[in-house]
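What follows is a short report on a single structure.
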Amino acid sequence: MIPITYSAEVAAARAAGRPIVALESTIITHGMPFPQNVETARLVEDDVRAAGAVPATIAVLAGTLHVGLEADELDALGQATGVAKLSRADMAACLATGGTGATTVAATMIAAHLAGIHVFATGGIGGVHRGAELSFDISADLHELAQTPVTVVGAGAKAILDLPKTFEVLETLGVPVIAYGQDVLPAFWSARSDLPAPLRMDTPEQIAKAQMTRTAMGLSGGQLVANPIPQEAEIPAEDLRPIIAQALEEADQAGISAKAVTPFLLGRIFELTEGRSLTANIALVRNNARLAAQIARAFTQ
Ligand code: PSU
Ligand code: MN
């Protein structure tokens with residue numbers, strides 16, 4: 001009924017019960033410029049393999065849900081224009097109408113769960129936008145974490161967001177937020193924020209066991225693992241503060257809204273930091289992929 005297809009590598013891993021890590025595609029189509037987007041997607045897949053798991057990059061191509069992309073499919077998606085950005089609200093419609101779309105965190109979680117994949121690595125989740133008290137712009141990623149049993153490894157939520165409100169909403173929704181190896185939450189491009197971590201874990205095994213316990217208790221939903229960017233790759237929060245403020249101001253002036261907000265802000269911050277934000281983004285996604293692979297292995301043990 002659901003038009004779903006697996007890459008050869010993912011099909012073999014499923015048959016053998018090997019650990020699999022889901023990867024999203026919105027970061028490729030809307031989060032990074034070409035050609036760095038495709039290069040990063042490949043590096044991230046290789047990081048997952050090097051850490052002993054199999055990567056499954058997820059996207060909807062011409063009405064079929066792909067769990068794992070072949071090399072040529074990844075190349076084509078990375079250069080395609082006009083690709084939809086899919087979340088819970090529009091994923092089924094895209095499949096039903098034969099469309100092509102990249103999956104956000106929410107949509108990738110849905111696809112991962114359908115495919116029996118427990119762990120997913122991304123850059124940072126969507127969340128509560130600054131000014132949400134007027135715009136009501138709160139990412140569907142938060143509600144997805146509350147209902148779909150997939151552990152998402154990110155460098156927290158993207159620092160363009162209102163981080164305190166994002167973590168308040170996650171708490172309200174009953175989503176475990178686990179800082180990896182430190183007592184404060186990371187802030188995407190920066191390793192540390194001044195927000196205390198609701199939970200802290202220090203091993204992949206603890207994280208896998210917590211998800212399994214949650215599910216065994218009949219609690220719905222996944223967990224967010226907030227994995228700090230490696231220190232040597234981070235951009236200090238003080239350096240970014242004025243740049244984020246400027247990008248937000250410009251988005252406001254230009255009347256950017258809804259799905260366009262996050263891609264616009266990431267694009268402007270890339271320009272304003274002269275590419276530093278992209279270098280950091282690549283480092284943090286790769287770091288998340290490595291941890292996700294370890295967690296996926298812990299799930300299969
Ligand atoms: N992580 C990144 N870059 C991105 C994203 C995550 O490093 O572009 C994407 C994810 O797909 C996430 C989306 O779900 O940004 C959030 O979009 P929105 O704020 O419109 O919900
Ligand atoms: Mn939004």
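Positions are given from 1, in the same order as the sequence printed here. As the structure lists them, so they are numbered: ligands from 1, and atoms in each ligand from 1.
Those atoms of ligand 1 that come under 4.0 Å of a heavy atom in Thr26, given as number and element, are 11 (O). Ligand 1 places these atoms under 4.0 Å from at least one heavy atom of Phe188: 7 (O). Near Leu266, with a cut-off below 4.0 Å to any heavy atom, the atoms of ligand 1 are 3 (N), 4 (C), 8 (O).
Taking only nitrogen or oxygen atoms, main chain and side chain alike, Thr262 reaches within less than 3.5 Å of ligand 1. The N/O atoms of Gly126, backbone and side chain alike, include none that comes under 3.5 Å of an N/O atom in ligand 1. When only interatomic distances are considered, the shortest N/O to N/O separation between Ala140 and ligand 1 does not fall below 3.5 Å.
In terms of protein heavy-atom proximity, atom 3 (N) of ligand 1 is closest to Ile27 CG1, 3.6 Å. Ranking the protein heavy atoms by distance from atom 20 (O) of ligand 1 puts Lys85 NZ, 2.7 Å first. Nearest non-hydrogen protein atom to atom 13 (C) of ligand 1 is Lys158 NZ, 3.7 Å.
Heavy atoms of His129 found under 4.0 angstrom from ligand 1 belong exclusively to the side chain. Looking at Asp141 against ligand 1, only its side chain comes within 4.0 Å, counting heavy atoms. The part of Asn281 lying near ligand 1 is the side chain, judged by heavy-atom distances below 4.0 Å. Proximity of Thr104 to ligand 1, defined as any heavy-atom pair under 4.0 Å, is shared by backbone and side chain alike.
To the nearest 0.5 Å, atom OG of residue Ser87 and atom CD of residue Glu144 are 7.0 Å apart.
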For this session: Kindly determine whether Glu24 and Thr103 satisfy side chain to side chain donor-acceptor pair (under 3.5 Å), including the steps that lead there.
Result: CA-CA 6 Å; Glu24 63 152 305; Thr103 52; 5.9 Å; no
Exercise. Can you list the steps and then say if Glu234 with Ser190 is a side chain to side chain donor-acceptor pair (under 3.5 Å)?
Worked result: CA-CA 5 Å; Glu234 79 159 349; Ser190 315; 4.7 Å; no
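Residues Ile27 and Leu69 share a single hydrophobic cluster, defined by chaining ILVMFWY side chains whose heavy atoms lie under 4.5 Å apart.
For Met32, the closest heavy-atom approach to ligand 1 does not fall below 4.0 Å. Proximity of Glu24 to ligand 1 is established by a heavy-atom distance of less than 4.0 Å.
Ion pairing between Arg276 and Asp239 holds under the 4.0 Å rule for side-chain N and carboxylate O.
Judged by the 6.0 Å distance and 45° axis criteria, Arg14 is positioned over the aromatic ring of Tyr6.
Distances under 2.8 Å from the Mn ion (ligand 2) pick out the protein N/O/S atoms Asp137 OD1.
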